[in-house]
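Position 1 is the first residue of the sequence; numbering continues from there.
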Amino acid sequence: PALLAPRELGHRGRKSAYCRVPSMSTADPPFDLPPARPRMPQPIRAMLWYVLALSLWGVSAGLVRYAALEVPAIELGFLRAFYGMVLVIPWLVHARVSPVPRRHLGLYLLRGFMEVLGIATWFIALSMMQAADVVALGFTMPFFATLFAAIFLGERLRLRRGLAILIVLIGAAIVIRPGQTDLGWAA
C-alpha cells in the first residue's frame with residue numbers, strides 16, 4: 001500500500017502538498033540504484049552541438065548540389081523552409097511560444113525576408129558553382145557584416161577586427177583563385 005508523504009515540488013515543478021511513496025523501510029531498499037552519471041560540461045556540449053550543426057550544414061549543401069540537377073534551386077529553398085517549419089511548429093505549440101512576437105513585428109518580417117533571400121541565393125549559388133567556392137564566399141560574411149555595421153549602425157572599426165577581416169578575405173581569395181576560374185554572376 002502507498003502512503004501519502006509531504007513533498008515540496010510535484011510533477012513538472014508545480015507545488016504539490018502530497019505525493020504517493022511506497023511504504024517500506026528506508027534502511028532496506030529493494031534494489032541498488034545505479035551511480036549517478038556526471039553531466040557533460042556545458043562547453044563540451046556546446047562544441048558537440050556546433051560540430052553536429054556544421055556536419056548537417058555540409059550534408060545540406062551536398063544534397064542541394066545533388067537535387068539541383070532535377071529541381072530548381074528556388075523550389076529547394078522553399079522545401080527547406082517548409083520542412084523546417086513542420087519540425088519547429090510542434091515545439092512552438094508545446095512550449096507555448098509565439099512564432100512572431102507582436103513587438104517589433106516589422107523588424108521580424110524584414111529579418112524573415114532577408115533569411116528567405118539568403119537561402120534562395122545560397123541554393124542558387126550551390127546549384128551553379130563549385131561548393132568550395134560557395135563556402136569560401138560564405139566566409140566573407142563577417143566582412144560584409146562589419147562593413148554594414150560601420151555604415152548603418154555607426155560601429156567603430158578597430159585594428160584587431162580589421163586584421164581579422166583582412167585574413168578572412170585573403171583566405172577566401174586563396175580558395176576562390178580569382179583570375180584562374182570564372183565565377184560567373186552566381187558569385
Side-chain angles (χ1 to χ4, degrees), residues 40 42-95 97-101 104-153 155 157 160-187:
M40 188 180 302
Q42 185 69 23
I44 302 296
R45 283 197 334 221
M47 180 187 67
L48 292 175
W49 278 112
Y50 190 70
V51 167
L52 176 67
L54 287 178
S55 301
L56 292 176
W57 182 59
V59 168
S60 172
L63 290 174
V64 167
R65 290 250 334 143
Y66 178 73
L69 300 172
E70 300 290 328
V71 181
I74 296 293
E75 207 171 309
L76 291 173
F78 168 78
L79 291 172
R80 177 181 182 236
F82 177 77
Y83 287 116
M85 180 183 69
V86 167
L87 291 173
V88 167
I89 283 180
W91 173 77
L92 290 174
V93 170
H94 177 72
V97 175
S98 172
V100 180
H104 306 298
L105 181 62
L107 289 175
Y108 278 95
L109 292 175
L110 177 64
R111 184 201 180 280
F113 173 75
M114 297 302 284
E115 180 70 21
V116 167
L117 187 65
I119 288 173
T121 55
W122 177 258
F123 281 15
I124 289 170
L126 277 172
S127 68
M128 302 181 83
M129 297 171 55
Q130 294 293 321
D133 293 340
V134 176
V135 171
L137 286 173
F139 284 136
T140 62
M141 280 191 289
F143 166 74
F144 290 108
T146 304
L147 179 68
F148 291 146
I151 293 171
F152 296 115
L153 302 176
E155 189 170 316
L157 295 178
R160 282 180 43 182
R161 186 174 295 173
L163 288 175
I165 290 172
L166 184 64
I167 291 169
V168 166
L169 289 176
I170 290 171
I174 289 171
V175 173
I176 295 171
R177 300 172 309 279
Q180 294 181 359
T181 59
D182 182 28
L183 295 177
W185 70 272

Should L87 and Y83 count as side-chain neighbours, where that means a heavy-atom distance under 4.5 Å?
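Counting from C-beta outward, L87 and Y83 never come under 4.5 Å.
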With heavy-atom distances below 4.5 Å as the criterion, would you say the side chains of V64 and R80 are in contact?
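The answer is no, as the side chains (C-beta and beyond) never meet within the 4.5 Å cut-off.
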In Å and rounded to the nearest 0.5 Å, what is the [atom1] to [atom2] distance from [X] to [Y]?
{"X": "T121", "Y": "M114", "atom1": "OG1", "atom2": "CE", "value": "9.0 Å"}
{"X": "L54", "Y": "W57", "atom1": "CG", "atom2": "CH2", "value": "7.0 Å"}
{"X": "I74", "Y": "I119", "atom1": "CD1", "atom2": "CD1", "value": "10.5 Å"}
{"X": "W122", "Y": "L76", "atom1": "CH2", "atom2": "CG", "value": "14.0 Å"}
{"X": "S127", "Y": "Y66", "atom1": "OG", "atom2": "OH", "value": "15.5 Å"}
{"X": "M40", "Y": "L48", "atom1": "CE", "atom2": "CG", "value": "5.5 Å"}

Would you say [atom1] of [X] has more than 12 non-hydrogen atoms from neighbouring residues, nucleotides or ligands within 6.0 angstrom?
{"X": "M47", "atom1": "CE", "answer": "yes"}
{"X": "R161", "atom1": "CZ", "answer": "no"}
{"X": "R111", "atom1": "CZ", "answer": "no"}

Identify the heavy atoms of [X] and [Y] that sit nearest to each other, and give their distance.
{"X": "V134", "Y": "A125", "value": "CG2-O, 3.5 Å"}
{"X": "G77", "Y": "F123", "value": "N-CD2, 3.2 Å"}
{"X": "R65", "Y": "L126", "value": "NH1-O, 2.7 Å"}

Any sub-3.5 Å donor-acceptor pair from S60's side-chain atoms to L56's backbone N or O?
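A pair under 3.5 Å: no.
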Would you call the rings of F78 and F82 parallel, tilted or perpendicular if under 30° counts as parallel and over 60° as perpendicular?
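Because their plane-to-plane angle is under 30°, the rings of F78 and F82 count as parallel.
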